[in-house]
Amino acid sequence: MKMLINVPETVVADALRGMAAAHPELTVDVERGMVVRRDAPVAGKVALVSGGGSGHEPLHAGFVGPGMLSAACPGAVFTSPVPDQMVRAAAAVDSGAGVLFVIKNYTGDVLNFEMAAELAEDEGVQVAKVLVDDDVAVTDSLYTAGRRGTGGTLFVEKIAGAAAEEGAPLERVEAIARRVSARCRSFGVALSACTTPAKGSPTFELPEGELELGVGIHGEPGRERRGMMTSREIADYAVDAVVEDLRPSGPVLALVNGMGGTPLLELYGFNAEVQRVLSERGIPVARTLVGNYVTSLDMAGCSVTLCEVDEELLRLWDAPVRTPALRWGR
Amino acid sequence: MKMLINVPETVVADALRGMAAAHPELTVDVERGMVVRRDAPVAGKVALVSGGGSGHEPLHAGFVGPGMLSAACPGAVFTSPVPDQMVRAAAAVDSGAGVLFVIKNYTGDVLNFEMAAELAEDEGVQVAKVLVDDDVAVTDSLYTAGRRGTGGTLFVEKIAGAAAEEGAPLERVEAIARRVSARCRSFGVALSACTTPAKGSPTFELPEGELELGVGIHGEPGRERRGMMTSREIADYAVDAVVEDLRPSGPVLALVNGMGGTPLLELYGFNAEVQRVLSERGIPVARTLVGNYVTSLDMAGCSVTLCEVDEELLRLWDAPVRTPALRWGR
Amino acid sequence: MGMGLGMDETFDAGFFVRWLEAAASAVDREAGRLTELDSAIGDADHGANLKRGFAAVAELLAEEPPATPGAVLVSAGRQLISTVGGASGPLYGTLLRRTGKALGEDRRVGRERLAEAFAVGVAAVSQLGGAQVGDKTMLDALTPAAEALRTSFGAARTAAEEGALATVPLQARKGRASYLGERSIGHQDPGATSSALLFAELAETARAEGAA
Amino acid sequence: MGMGLGMDETFDAGFFVRWLEAAASAVDREAGRLTELDSAIGDADHGANLKRGFAAVAELLAEEPPATPGAVLVSAGRQLISTVGGASGPLYGTLLRRTGKALGEDRRVGRERLAEAFAVGVAAVSQLGGAQVGDKTMLDALTPAAEALRTSFGAARTAAEEGALATVPLQARKGRASYLGERSIGHQDPGATSSALLFAELAETARAEGAA
Ligand SMILES: Nc1ncnc2c1ncn2[C@@H]1O[C@H](COP(=O)(O)OP(=O)(O)O)[C@@H](O)[C@H]1O
Ligand SMILES: Nc1ncnc2c1ncn2[C@@H]1O[C@H](COP(=O)(O)OP(=O)(O)O)[C@@H](O)[C@H]1O
Ligand SMILES: [Mg+2]
Ligand SMILES: [Mg+2]
Ligand SMILES: [Mg+2]
Ligand SMILES: [Mg+2]
């Protein structure tokens with residue numbers, strides 16, 4: 001498998017250096033593994049810190065900026081960051097108003113962020129935490145590590161980020177983040193496996209005529225493997241999986257997300273099918289976002305995330321955001 | 001080769017329907033194959049119309065909006081649009097101030113846009129044209145169809161679009177577009193071939209340990225094929241190819257572009273190497289844009305475009321833009 | 001050959017409609033091969049392009065059959081321009097449109113008259129695309145075919161086929177294949193191949209109606 | 001065995017440094033295999049994770065060798081937490097840190113004392129990650145190994161190895177492999193495998209110094 005890299009060991013540091021050059025509006029600390037809003041700490045504002053394994057770009061570092069994250073801590077590829085990163089990031093962005101950790105539900109992320117929270121609190125930072133576990137492909141039971149965090153992260157980070165930007169106190173930002181997290185569900189589909197730089201070959205075998213339904217963003221297998229399906233069939237399956245779990249009673253935000261290797265042309269076409277299913281199911285769509293936002297390296301495939309919103313959450317979604325990957329409003 | 005599609009025949013129409021759903025701020029005419037700024041025609045403003053084969057998304061439709069294109073005409077995959085599309089788009093966006101056609105230099109695009117220009121002028125629209133031919137991998141001689149248009153298109157559309165938005169008359173918008181086009185050069189590298197929906201298998205053979213230096217955005221071969229190179233070596237080769245042709249004497253804008261299948265993580269890492277070479281060559285970089293902007297379906301690889309700018313062009317680059325794929329300023 | 005038909009046999013609009021319908025079928029049948037050829041030295045769409053265009057031509061002609069040979073070709077040419085795109089759309093569209101225009105308003109035209117009109121159409125293609133015989137394009141089939149049509153439909157077919165085959169050793173100087181430089185040598189040009197297909201169907205249509 | 005050393009043989013800080021250096025080499029050597037195992041039921045990074053972490057441990061210990069066995073383990077554990085990430089970083093980090101803490105400040109510790117401390121460390125791992133023996137995690141190797149260490153280093157090595165092998169038929173209930181459900185059956189757990197590696201190196205280090 002060919003990659004546009006030097007050596008696997010330096011991919012994350014190289015990417016951070018490249019990001020620093022492209023985004024002078026961010027402070028990128030390559031050594032300490034963190035990307036920080038240049039104007040942080042913002043006086044009186046609650047800070048949001050997230051992070052996770054690399055390989056899901058633009059998540060999380062591409063979401064740092066006014067209206068969204070205060071800092072992101074990228075780990076090695078598919079490996080959660082270490083507590084030191086989050087502790088330093090929290091110290092860098094805390095204005096005294098406290099810090100919300102946005103944590104995707106993976107054993108590694110949870111353990112490292114929890115350790116970081118303890119250490120940061122020891123240093124006098126007030127820390128709240130929100131867990132994102134939106135992937136309905138995993139049964140949330142005692143027999144699993146629980147649902148995985150995927151596309152819902154974008155909604156949590158954007159909406160809670162907007163609340164923080166408006167000046168909401170930590171408790172309220174945390175409550176909003178939890179509300180969003182509770183109302184997000186996702187389902188992912190892989191058409192091809194991803195290849196990590198360290199391994200250099202696909203992380204799982206997906207024969208030519210098959211796809212993986214319910215894949216995770218690290219190439220974790222999902223519900224089942226099937227013969228190739230059309231865009232229409234995939235949309236039916238994915239949207240139904242999400243809707244059956246979420247059972248929305250009001251309008252939703254829709255994220256039609258690419259896993260990294262699927263062309264935007266196909267993704268937009270897939271969105272047409274997603275919208276068709278949603279309309280057939282009578283679910284009103286307030287806003288739709290199409291693109292590669294929560295990726296899995298070069299994996300071909302897509303995911304659908306729905307987030308049920310009330311007026312307040314929709315207003316916060318529409319609020320201005322200025323980050324490398326999400327940008328709107330003034 | 002698996003794709004997230006229904007049938008090859010409908011991919012472009014499907015994508016346009018999906019785009020319409022995601023972007024209520026655009027008018028998408030699926031039947032007539034055009035994506036138009038919702039507020040067009042804008043009184044007194046010169047309009048910009050571009051287009052080309054599909055498969056290069058977000059180019060061009062993703063660049064429609066205030067500060068950039070007035071309309072885009074997507075053709076079939078890798079096939080230039082037909083004149084009827086551009087004639088209708090010109091009619092839809094012309095306020096009387098005239099229309100600039102931004103044309104990538106491919107035989108098909110040139111012929112179809114030229115026919116469209118004649119027909120539009122017959123209908124009373126004043127049409128100016130700018131040709132983008134920035135790909136230094138092709139020798140510009142009597143023995144070729146001339147240099148291809150690739151990443152430079154983004155600079156031409158953005159900067160000329162900003163001039164039009166400011167109220168510059170057609171002559172001036174055209175002059176600026178030509179100035180940008182004359183000062184843009186690109187070089188592309190493929191790590192894997194792309195697969196068109198119609199063909200269903202890679203459009204060229206690229207063995208595992210090799211890459212194609214100087215590839216075009218339709219998978220056209222370039223200067224040479226070599227054994228796999230590191231990000232560092234590729235940056236040296238690509239930047240030098242561009243710089244030797246452009247010979248900039250002032251600051252440049254840099255576009256570090258993904259071909260579609262290369263993860264953003266790798267692309268940012270590649271940018272670090274591009275910046276290193278530029279700094280070694282003593283070329284100041286005014287702005288850098290990293291991402292998948294001028295793609296070639298699922299091709300893995302990258303391209304580097306440099307655009308030498310003076311103060312005016314830089315100011316126009318920085319001017320506000322509000323499109324699905326490029327968005328900044330207020 | 002002959003079949004009792006003389007030198008001054010003429011063809012009406014229906015003949016040209018039947019030819020273009022046959023061409024549409026042939027292009028549909030051979031689309032994969034044309035795309036395959038275009039994949040080697042182009043962008044793998046030539047078959048899909050012509051399939052889309054000729055299907056639209058056949059549909060249009062079935063809906064609104066024009067009254068004269070010239071009108072059939074002009075209308076088919078316009079339809080190709082409006083539906084194909086790429087390089088081949090304007091070029092084939094111009095070929096048919098200009099050939100049709102050269103035929104004027106006559107309700108029936110003879111082969112030699114057609115050959116002359118085709119020469120006009122081919123010249124227009126050369127002017128539009130700036131290519132000459134030997135540049136490894138459709139002109140390498142069209143030019144000798146139009147010339148040989150002065151002799152017979154069969155000769156035109158053979159000339160087009162030979163012209164297409166003769167593109168194999170050439171280095172492309174126009175169109176997308178020109179980017180390949182020397183690497184374009186050894187491949188048959190897709191456009192010349194589709195041109196040969198059109199002339200083969202023309203000869204077949206004529207033969208089916210007893211003409212040579 | 002024996003080699004003239006009695007039951008009450010004790011080990012100093014240097015012994016633990018040598019063990020962790022040997023572990024770093026072993027992890028470096030076996031990184032590909034660990035990643036391969038993690039690729040089957042995880043995310044293909046376990047080898048790279050531990051390689052990075054143990055290299056950092058070896059470097060730290062070479063630069064600032066702590067004076068007591070407990071300090072060596074605490075410092076190594078902290079370094080793992082600070083450099084590994086993922087699930088295994090906090091878990092292995094906690095194992096060593098809590099084992100080290102349990103050893104207190106003594107300059108030399110005996111095997112039985114070490115076994116007791118390990119039991120404390122293993123319990124901390126279980127508490128932190130919420131996993132039990134049988135969940136197909138590193139605990140399936142660590143728990144029997146800590147227990148067997150009461151008998152001998154060799155017994156601990158064997159127990160860890162058997163524990164790792166015994167994960168093959170299990171269905172994972174914790175960590176990333178749990179997403180696989182039944183599909184996790186038939187694969188050996190990468191974390192249990194690396195745990196076995198650590199106890200193998202512990203036994204080797206002890207053997208090289210004449211202990212059993
Ligand atoms: N300048 C030209 N003059 C004549 N024919 C050309 C020219 N450029 C391209 N062609 C013909 O067009 C064919 C390619 O058509 P097609 O694949 O449909 O368009 P595109 O190259 O835009 O993808 C070539 O094989 C060649 O025969
Ligand atoms: N909750 C847990 N308790 C104990 N061990 C665990 C737990 N979750 C995962 N592990 C161990 O961690 C190993 C995976 O480590 P690693 O691949 O480095 O981290 P990650 O799963 O975050 O990629 C698994 O093979 C398993 O032995
Ligand atoms: Mg991991
Ligand atoms: Mg084409
Ligand atoms: Mg072609
Ligand atoms: Mg792992």
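Numbered from 1 within each chain, the chains take letters A, B, ... in sequence-line order. No hydrogens, no waters, no symmetry mates; every other heavy atom, side chains included, goes into these values.
- In terms of non-hydrogen atom pairs under 4.5 Å with chain B, the most contact-rich of C/Thr35, C/Ile81, C/Thr83, C/Asp38 is C/Ile81.
- Heavy-atom distances place the backbone of C/Ala172, and not its side chain, under 4.5 Å from chain B.
- The ring of B/Tyr106 has its center no closer than 6.0 angstrom to the ring center of B/Phe113.
- Residue C/Ser88 does not touch chain B at all, counting heavy-atom pairs closer than 4.5 Å.
- The most heavy-atom pairs under 4.5 Å with chain C, out of B/His218, B/Glu205, B/Glu9, come from B/His218.
- Options B/Val77, B/Asp109, B/Asp84, B/Asp135 differ in how many heavy-atom pairs under 4.5 Å they form with chain C, and the most are formed by B/Asp84.
- Salt bridge status for B/Glu212 with C/Arg183: present, with a side-chain N to carboxylate O gap under 4.0 Å.
- Around atom CD of B/Glu224, more than 12 heavy atoms belonging to other residues, nucleotides or ligands sit under 6.0 Å away.
- In this structure, B/Arg148 forms a cation-pi arrangement with C/Tyr179, its terminal cationic atom sitting closer than 6.0 Å to the ring centre and no more than 45° off the ring axis.
- By the neighbour-count criterion of 12 heavy atoms within 6.0 Å, atom CZ of B/Arg225 is densely surrounded, having more than that number from other residues, nucleotides or ligands.
- With chain B as the partner, the residue from C/Ala40, C/Gly42, C/Gly86, C/Gly47 showing the most heavy-atom pairs under 4.5 Å is C/Gly86.
- Using a 4.5 Å cut-off between heavy atoms, B/Thr196 touches chain C through its side chain atoms alone.
- Heavy atoms of B/Arg147 lying under 4.5 Å from chain C are absent altogether.
- Of the residues considered (B/Gly53, B/Pro83, B/Gly75), B/Pro83 shows the highest number of contacts with chain C, using heavy-atom pairs under 4.5 Å.
- Counting heavy-atom pairs under 4.5 Å between each of B/Asn112, B/Thr139, B/Val138 and chain C puts B/Asn112 at the top.
- Counting heavy atoms from C-beta outward, C/Thr68 and C/Leu103 have side chains that stay 4.5 Å or more apart.
- For C/Asn49, the part lying under 4.5 angstrom from a heavy atom of chain B is the side chain only.
- Aromatic pair C/Phe153/C/Phe199: ring centres not closer than 6.0 Å.
- Between C/Leu202 and C/Phe118 there is a side-chain heavy-atom pair separated by less than 4.5 Å.
- Across C/Gly89, C/Ala48, C/Gly175, the residue that shares the most heavy-atom pairs under 4.5 angstrom with chain B is C/Gly175.
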